[in-house]
Amino acid sequence: MNGMTGISSLQATNDEIDEMNTILVVAAHPDDEALGCGGTIAKRVAEGDEVHLLFVADGVGARGGDAASASNQRQRACDSAAEILSVSSISHLGFPDNKLDSVPLLDVIQRIEQKLAEILPSVVYTHHPGDLNVDHRLTCEAVMTACRPLPGSSVNEIYFFEVISSSEWSLPGAEVFSPNVFEDITGYLETKMKALEAYAEEMRPAPHSRSYEHLRSLALHRGHSVGFDAAEAFVLARQRR
């Protein structure tokens, strides 16, 4: 009987391991990950998944002023947010901020492909293609190209997240963010808010769209619209079983 119990316990452990996912979040800039899916990242990590962050652009180069100082400050904020969210790794491609349209798209795609080959994620989160920000749109295009469903690809699911002050400000006629997946982050909303506090320099006072008050209200709205206390919303771009 003790032997049977041991086998059952081992089987349960193996089943849990089989259910674990390696997840890659590809964001244009540091802070997009916390804005778009910070609660989901925290939840996935708590459930045993391994989450990696890949940032395409530096997020500060287009602002002028002391670029080196701003870059260092953004890096510290990124590191703090990543520690709060307990991610496994952070990578930066270092392409110019708000100038991805000046870079050959193939260069971005190939760098993303390198990261995909390195960690072999089964799930990828990235930007919505209808965002106002050009870096967001091109990051999405590069990810979808890098994750094309070739034989042997590790990627089984791709989700688009929303980034407030970009997704809701899309151009007339652009694809509208219309979520069809809602992740319950009721137990992780405060972790998301702490990660956003790490990016205090990027936040704005209410009634700006990118304010703490609005981000909390958005989480409540997304949750209440599907019967949760709080949620993050996504568009399922691709799923294969």
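Values in this document were obtained by computation on a predicted structure and should not be read as measured data.
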| field | Donor-acceptor under 3.5 Å (S102 side chain, K99 main chain) | value | yes
| query | Does a donor on one side chain sit under 3.5 Å from an acceptor on the other, for S89 and H52? | reply | yes
| said: Starting from I119, can I reach V87 by hopping between I/L/V/M/F/W/Y residues whose side chains sit under 4.5 Å apart? | reply: no
| In terms of side-chain geometry, is the basic nitrogen of E113 or R148 positioned less than 4.0 Å from the acidic oxygen of its partner? | yes
| task | Verify side-chain hydrogen bond (donor to acceptor under 3.5 Å, both in side chains) between E175 and S170, making sure each step is shown before the conclusion. | result | CA-CA 8 Å; E175 183 178 347; S170 59; over 6 Å; no
| query | Hey, is E50 close enough to R44 for a salt bridge, meaning N to O under 4.0 Å? | reply | no
| remark: Closest non-hydrogen atoms of V235 and S178, given as atom of the first, atom of the second and distance, are CG2-O, 3.5 Å
| message | Would you say that more than 12 heavy atoms from the other residues, nucleotides or ligands in this model lie under 6.0 Å from the NZ of K115, or not? | response | yes
| task | Go through the side-chain N and O atoms of H127 and T139 and say whether any donor and acceptor fall under 3.5 Å apart. | result | no
| H224 versus H221: any side-chain heavy-atom pair under 4.5 Å? | no
| query | Closest heavy-atom contact between S166 and N133? | reply | OG-N, 3.2 Å
| Between the side chains of Y159 and E157, does any donor sit under 3.5 Å from an acceptor? | yes
| task | Indicate the atoms forming the closest heavy-atom contact of A146 with I112, along with that distance. | result | CB-CG2, 3.8 Å
| message | Closer than 4.0 angstrom, basic N to acidic O: yes or no for K192 and E232? | response | yes
| field | V26-I41 co-clustered via ILVMFWY side chain contacts under 4.5 Å | value | no
| Does a side-chain heavy-atom distance below 4.5 Å link V134 with N98? | yes
| request: Check whether any side-chain heavy atom of E162 sits under 4.5 Å from a side-chain heavy atom of R222, and report yes or no. | output: yes
| query | Do L24 and L116 come within less than 4.5 Å of each other through their side chains, counting heavy atoms only? | reply | yes
| field | Same apolar cluster: I23 and V45, side chain cutoff 4.5 Å | value | yes
| said: Quick check: is L220 connected to F228 through a chain of hydrophobic side chains (ILVMFWY, heavy atoms under 4.5 Å apart)? | reply: no
| V155 side chain reached by V123 side chain, heavy atoms, under 4.5 Å | no
| Side-chain (S211) to main-chain (P207) donor-acceptor, under 3.5 angstrom | no
| Validation row: L54, V25 side chains within 4.5 angstrom (heavy atoms) | no
| field | E197 versus Y212, closest heavy-atom pair with distance | value | CA-OH, 3.5 Å
| query | If you round to the nearest 0.5 Å, how far is CG of D79 from CD1 of I90? | reply | 5.0 Å
| request: With side-chain hydrogen bond (donor to acceptor under 3.5 Å, both in side chains) as the test, would you mind laying out the steps for S167 and H128 before giving the verdict? | output: CA-CA 7 Å; S167 299; H128 185 259; 5.7 Å; no
| field | Check: D31 main-chain N/O paired with E33 side-chain donor or acceptor under 3.5 Å | value | yes
| What's in the same ILVMFWY side-chain cluster as L150, cut-off under 4.5 Å, chained through other members? | none
| task | Please examine the side chains of L132 and L171, heavy atoms only from C-beta on, and report whether any two atoms are closer than 4.5 Å. | result | yes
| field | Check: L100 main-chain N/O paired with D135 side-chain donor or acceptor under 3.5 Å | value | yes
| task | Examine the side chains of S122 and N21 and answer whether a donor and an acceptor come within less than 3.5 Å of each other. | result | yes
| field | Main-chain N/O of C147 paired to R238 side chain as donor or acceptor, under 3.5 Å | value | yes
| query | Would L93 end up clustered with V163 when hydrophobic side chains under 4.5 Å apart are linked, directly or stepwise? | reply | no
| task | Give, for atom NE2 of H29 and atom SG of C78, the distance between the pair rounded to the nearest 0.5 Å. | result | 12.5 Å
| Charged N to carboxylate O below 4.0 Å: is that the case for E202 and R74? | yes
| What about F161 and Y125, are their ring centers closer than 6.0 Å? | no
| said: Salt bridge or not between E190 and R216? Use side-chain N to carboxylate O under 4.0 Å. | reply: yes
| Atom of F177, atom of A233 and distance for their closest heavy-atom approach | CZ-O, 3.4 Å
| message | For the backbone of D131 and the side chain of R137, can you confirm whether one donor and one acceptor N or O come within less than 3.5 Å of each other? | response | yes
| remark: Between L120 and S154 the two heavy atoms that sit nearest each other are C-OG, 3.3 Å
| query | If you count the non-hydrogen atoms of other residues, nucleotides and ligands that lie under 6.0 Å from CD in E213, is the total more than 12? | reply | yes
| Minimum side-chain heavy-atom gap Y199-S80 below 4.5 Å | no
| request: For the pair D184 (side chain) and A231 (backbone), establish whether a donor and an acceptor sit closer than 3.5 Å, ignoring hydrogens and angles. | output: no
| task | May I ask you to check whether D58 and H92 show a side-chain donor-acceptor distance below 3.5 Å? | result | no
| request: Using a strict 4.0 Å threshold on nitrogen-to-oxygen distance, state whether K43 and E183 make a salt bridge. | output: yes
